[in-house]
Chemist: 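My structure is below; once you've seen it, I'll send some questions.
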Amino acid sequence: MGAALLEIRELSKSFRTDSKTVQALHHIELDVQEGEFVTVIGPSGCGKSTLLRIVAGLDVGYEGQATLDGRAISGPGIDKGFIFQEPRLFPWLTVEKNIAADLSLRNPEVKRRVGELIELVRLNGFEKAYPKELSGGMAQRVSIARALLRNPRILLLDEPFGALDAFTRAHMQEVLLDIWRRNGTTMIFVTHDIDEAVFLGSRIVILKPRPGEIRAKIGVDLPYPRKKASAAFQDFRMRVLNEFERIDELSWGEAGAGI
Amino acid sequence: MSDRVEAALPAQSAVAGKKGTRRRRRLTINDIAVGAAIPIVFLVLWQMLYETGRLDANFFSSPTDIASAIGELARSGELFRDIGISLWRVVCGFAIGGTLGLIFGLLSGFSRRTEMMIDPLFQLLRMTPSLAIAPLFILWFGFGETSKVLIIAVGAYFPIYVNTVLGIRNVDNKLVEVSQVLAYSRFSQIAKLIVPSSVPSILLGVRLSLAVAWLSVVVAEMINSKSGIGYLIYFGQYNSRIDYIFVGIILFATAGKLVDSFVRYLERRLLGWRDNFKG
């Protein structure tokens with residue numbers, strides 16, 4: 001196997017509050033290959049969002065190495081697409097202008113690509129709608145299209161479907177897998193939902209909190225499309241759940257206080 | 001003067017723009033009747049009280065007298081000359097004060113250093129009533145147009161300045177992060193994020209600023225003038241033409257309302273994207 005697209009070595013990050021220093025991430029080692037769909041899962045406070053923000057270049061001042069395409073990550077850029085928990089659309093722009101953002105729709109190439117992406121995220125007919133007229137799921141699809149327009153090397157998703165209801169969430173998972181299948185975009189998807197992690201990921205990274213460390217990396221050998229009700233899926237889910245219970249025991253044993 | 005009106009809170013701006021609905025309802029005859037009912041009852045009552053002698057003619061005029069005074073002033077051409085000159089002064093003063101307020105507001109908003117340098121001085125000046133400054137301006141610039149326009153400009157400056165700074169500082173940090181992730185240039189960040197986010201607040205500043213400009217023109221024209229609506233009121237006061245005083249007041253009220261409606265129309269056009277409680 002050649003060099004990984006994303007290489008993380010000995011990565012540590014701590015935050016200083018007024019009285020003490022909190023270790024958010026501790027000695028993280030992770031390689032992500034081109035075209036992989038990595039889901040990162042862990043209880044709250046395990047530093048999974050911090051890890052994603054470091055890869056995005058939003059949090060700097062870390063120890064260790066983080067390289068994308070062999071270059072150290074030093075700040076945000078369009079090679080790293082980022083989807084926040086909330087859609088974060090510009091409320092004064094229509095859907096198509098939100099996707100174009102700082103690029104001009106008068107450029108025929110931009111216009112054509114925006115049209116394709118609206119098709120891809122299934123928002124035909126909503127090109128001229130304003131964010132206030134969209135449902136949560138639709139708005140999040142706009143933000144995905146906005147990130148994809150820049151042809152990122154890697155798409156980073158920070159609990160993007162966390163605020164959606166169960167049906168919309170299931171639909172959005174299908175949409176995302178569809179995009180992944182068609183475009184082959186490398187994805188890192190942070191979630192606290194085990195079902196979601198197993199359903200989407202070609203590999204699952206489990207983090208444990210205080211300090212944030214990688215507990216396990218598990219390749220998901222279930223073929224796509226996956227059925228959540230199937231026995232194989234449920235078996236796999238149990239495996240991940242077992243890892244979690246070990247985290248609980250560990251953190252109880254070490255600190256004497258759980259979550 | 002109304003130095004307090006410009007300390008606008010974001011919540012107030014939300015109320016101010018509440019008419020910005022997605023599809024505007026047609027104004028029906030019924031709506032107009034609802035809005036006109038109270039003023040009509042008021043006018044009829046007023047006229048009746050005046051006719052029956054319950055209102056002292058030394059202190060009051062009647063709606064019909066005021067209407068005939070308006071007719072008289074319109075025929076002689078004074079009415080339109082006075083409206084024109086007052087309007088011109090407001091426009092000039094607002095243009096000067098508003099433009100400077102916008103420029104310094106942008107400078108203060110974008111740079112904390114600039115804000116620290118100029119803001120304390122401006123806050124001090126902001127609290128100075130324009131009535132107190134007026135004599136100095138007359139002394140420095142004479143009784144001509146310059147002193148009047150400057151009095152108005154000073155009043156119009158602060159609401160736009162304060163609300164521009166406020167608008168820029170209230171840009172959602174979450175959207176700033178989006179602009180970083182999308183690798184906006186410094187120019188795009190200003191032109192496509194900060195300025196559009198600040199437009200609601202700046203427009204509110206414009207509205208308040210125009211209101212202050214109208215108040216200031218009264219001050220300017222009543223203390224030194226031979227023309228304008230303020231002078232009409234002054235003239236009425238010294239010649240016991242109470243009807244003229246009322247005409248002046250009505251003109252100020254009407255002109256002020258029309259200007260305000262125009263800015264609200266602009267708000268509706270520019271801020272239709274906002275998602276607010278619409279009452």
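Treat the numbers as computed from the prediction; the structure is a model and nothing was measured. Naming convention: chains lettered A, B, ... in sequence-line order (proteins, then strands); numbering from 1 in each chain.
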Chemist: Using heavy-atom distances under 4.5 Å, tell me whether R88(A) contacts chain B through its side chain, its backbone, both, or neither.
Modeler: both
Chemist: Among G75(A), G81(A), P91(A), P76(A), single out the residue with the greatest number of heavy-atom pairs under 4.5 Å to chain B.
Modeler: P91(A)
Chemist: Can you say whether L270(B) sits under 4.5 Å from chain A via the side chain, the backbone, both, or neither, judging by heavy atoms?
Modeler: neither
Chemist: Could you tell me which of F82(A), F90(A), F84(A), W92(A) has the largest number of non-hydrogen atom pairs under 4.5 Å with chain B?
Modeler: W92(A)
Chemist: At a 4.5 Å cut-off on heavy atoms, which part of L89(A) comes close to chain B: side chain, backbone, both, or neither?
Modeler: backbone
Chemist: Can you say whether L58(A) sits under 4.5 Å from chain B via the side chain, the backbone, both, or neither, judging by heavy atoms?
Modeler: side chain
Chemist: Under a 4.5 Å cut-off applied to non-hydrogen side-chain atoms, are I154(A) and D79(A) in contact?
Modeler: no
Chemist: Given heavy-atom pairs under 4.5 angstrom as the criterion, report whether the side chain, backbone, both or neither of A101(A) touches chain B.
Modeler: both
Chemist: Whether the side chain of K132(A) engages the backbone of R274(B) through a donor-acceptor N/O pair (distance < 3.5 Å, no angle test) should be reported.
Modeler: yes
Chemist: What do you reckon, is CD1 of I29(B) surrounded by more than 12 foreign heavy atoms closer than 6.0 Å?
Modeler: no
Chemist: Should E177(B) and K174(B) count as side-chain neighbours, where that means a heavy-atom distance under 4.5 Å?
Modeler: no
Chemist: Thinking salt bridges, do E36(A) and R203(A) make one under a 4.0 Å N-O criterion?
Modeler: yes
Chemist: Taking 4.0 angstrom as the limit, do K13(A) and D59(A) come out as a salt bridge?
Modeler: no
